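Heads up: the structure comes next, in structure tokens.
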Protein chains: 2
Amino acid sequence: MAEQAEKLRRTPLSRDRILRAAVALADGAGIESLSMRNLAQELDVVPMALYKHVANKDELLDGMIDVVVGEIDPLTSGEGWQPAIRRRVLSARQMLRRHPWASLAIESRNMATPAVLGYLDSMIGALRAGGLSTDLTHHVMHALGSRILGFSQELFDAARQAGRSGPIAPQPPAPLPPEVALRFPHVAEIAAAASHDDGSVVGQGCDDQFEFEFALDLLLDGIERLREQGWTAPR
Amino acid sequence: MAEQAEKLRRTPLSRDRILRAAVALADGAGIESLSMRNLAQELDVVPMALYKHVANKDELLDGMIDVVVGEIDPLTSGEGWQPAIRRRVLSARQMLRRHPWASLAIESRNMATPAVLGYLDSMIGALRAGGLSTDLTHHVMHALGSRILGFSQELFDAARQAGRSGPIAPQPPAPLPPEVALRFPHVAEIAAAASHDDGSVVGQGCDDQFEFEFALDLLLDGIERLREQGWTAPR
DNA sequence: CACGGTAGGTGTACGCCGTACACCTGTCAA
DNA sequence: TTGACAGGTGTACGGCGTACACCTACCGTG
């Protein structure tokens, strides 16, 4: 009968199709109306069908994040580190404007997805290649923080979490798991530098307060310089 | 009987008691387990009792934000603008670390609550008093953005929204409502400067792209300066 | 060709959520 | 004394995420 024919004609579900539909739904109707039920309806399928392709809603969100992070332009080479980073951050910003739900989603979830780590890894690589020391690169990543993607403090925790499952527990200072270190060498390099250069202070690997003040003073000093020079709006 | 006596002994509910309990619950058990039901239980009361004091859960969250923003140290005077702002931003950061749920809550809601506007207003006032032009102050607020509270672009929209109700609609470029302008003169001053200095471009009052690049370049230039100087980590 | 396993879509049900609405009760002004 | 009203209660509804049992179409193997 007709119903069966329609069933057969229907393109089958797949993780990819689900993620795309979810991104489209969040873009169009707002993240707050992205429910498993609405999404299923959009795909002409019963809600529970989705669970054959994504473990649960959190994993769905992680997948969506990977999709949109994948939209960020790759790093261009053949120019200085500054224009390259600048171009890429602006590309990330455009992505965030196409998907207004994304920055909140990224901030509210841990950032351990491979796509996000890959993005950060290549960013760190560009800074290192540009001649910044591991230390400076580390602090710069914190300083750029929210402009880069909206992340704040938990880079290394997230990297350590990668590949693990279970609830997010307060992380003891531990080295990155080796498979993470291999896939994201620049992240690993920075993490290593951060964890042995703070000498006496036990563990921790990353002094949040210092990072925060570093970025704050970078801004405040730059602002004061502009003020001294009697800065006025361009145009 | 005993139940009645207990009832009488119970301190009565009040908006304030509810907000404090909600903040404590979110601090202790995480924002995800702050439900009207849990909160009511904490207060030894039936869930619907809360609705006699707060309109709904969103208003509860707004109230909680006001409570924690009220914890930020006031501006100190008698020193330069830079140390004053620095001290205050660090105080805001401490508050955000005491209440880890707050930064997400603030970012995910519009910022039109009086406490938040008051905080921003005094910050703007300090910058102006420090000798920054209205333009520069405006851009600086965007540049400090996430360090100040986690807000990103929507300052003036939020201010316009203040006192209004109903769903957040895309805001046509409109002047701030007079009662807002009176209470928060520094916000108003910056808004006015932003809306007439962009000349030909119709409306808009605030060029997001420009603001973003301003802050980004402030950071990138500062970083390049450090790199040139062969920056190494302070002891 | 038969057949059993398996991948993937279905249906039902549970416990949580926010909150509308009707109700009760104690207090206080007139 | 009364009656309005502020404030706590109880019930109920629709939506959510998802556990679990089921059904069915396919496919590799004998």
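Proteins get letters first, then strands, A, B, ... in listed order; numbering begins at 1 in each. If you're wondering where the values come from, they're calculated on a predicted model, not measured in any experiment. Heavy atoms only: backbone and side chains are in, while hydrogens, waters and symmetry mates are out.
For the 3.5 Å distance criterion, the side chains of Thr113(A) and Asp66(A) qualify, holding a donor opposite an acceptor. Using modelled atom types and a 3.5 Å distance limit, the side chains of Ser122(B) and Arg88(B) yield a donor-acceptor pair.
For the pair Ile18(B) CD1 and dG7(D) P, the computed distance is 11 Å after rounding to whole Å. When rounded to the nearest whole Å, the span between CG of Leu34(B) and C1' of dC17(C) equals 12 Å. For Leu50(B) and dA6(D), the CG to P distance is 19 Å, given to the nearest whole Å. The separation between Asp44(A) atom CG and dG8(C) atom P is 19 Å, rounded to whole Å. Between Leu43(A) atom CG and dG8(C) atom P the separation is 15 Å, expressed in whole Å. Protein atom CE of Met48(A) is 15 Å distant from nucleotide atom P of dC16(D), rounded to whole Å. Following rounding to the nearest Å, Met36(B) (CE) and dA20(C) (P) show an atom-to-atom distance of 10 Å.
Using modelled atom types, no side-chain atom of Asp73(B) and backbone atom of Ser91(B) make a donor-acceptor pair closer than 3.5 Å.
Between the NE2 atom of His138(A) and the CD1 atom of Ile124(A) there is a distance of 8.5 Å, given to the nearest 0.5 Å.
Residues of residues 53-65 of chain A having a heavy atom closer than 4.0 Å to DNA chain D, listed by number: Asn56(A), Lys57(A).
Comparing dT9(D), dT10(C), dT19(C) against the side chain of Val46(A) picks out dT10(C) as the nearest. Distance from the side chain of Ser35(A) is smallest for dG17(D) among the nucleotides dT11(D), dA19(D), dG17(D). Here the nucleotide nearest the side chain of Val45(A), chosen from dG9(C), dG17(D), dG8(D), is dG9(C).
For Gln41(A), the CD atom is loosely surrounded, since the number of other residues' heavy atoms within 6.0 Å does not exceed 12.
For Arg37(A) against dG15(D), no side-chain N or O and base N or O form a donor-acceptor pair under 3.5 Å.
In this structure, Asn38(A) and Lys52(A) both approach DNA chain D, and ranking their closest nucleotides by distance from the 5' end singles out Asn38(A).
Helix bend of the helix from dC1(C)-dG30(D) to dA30(C)-dT1(D): the angle between its two end axes, each built from five pairs, comes to 10° after rounding to 10°.
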How far apart are the C-alpha atoms of Leu104(A) and Ile31(A), what are their side-chain angles, what is the distance that settles it, and do they pass the side chain to side chain contact (heavy atoms under 4.5 Å, CB included) test?
CA-CA 10 Å; Leu104(A) 261 179; Ile31(A) 191 73; over 6 Å; no
Verdict with reasoning, His139(B) to Phe210(B), per ring pair (Phe, Tyr, Trp, His ring centres under 6.0 Å)
CA-CA 9 Å; His139(B) 304 317; Phe210(B) 176 82; 4.8 Å; yes
Should Glu59(B) and Arg109(B) be marked as a salt bridge (Lys or Arg N to Asp or Glu O under 4.0 Å) after you check the CA-CA gap, both sets of side-chain angles, and the distance that decides it?
CA-CA 10 Å; Glu59(B) 211 219 55; Arg109(B) 302 200 46 64; over 6 Å; no
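Judged as a salt bridge (charged side-chain N to carboxylate O under 4.0 Å, His left out), the pairs with a partner in residues 18-43 of chain B (not counting sequence neighbours) are, in order, Asp16(B)-Arg20(B).
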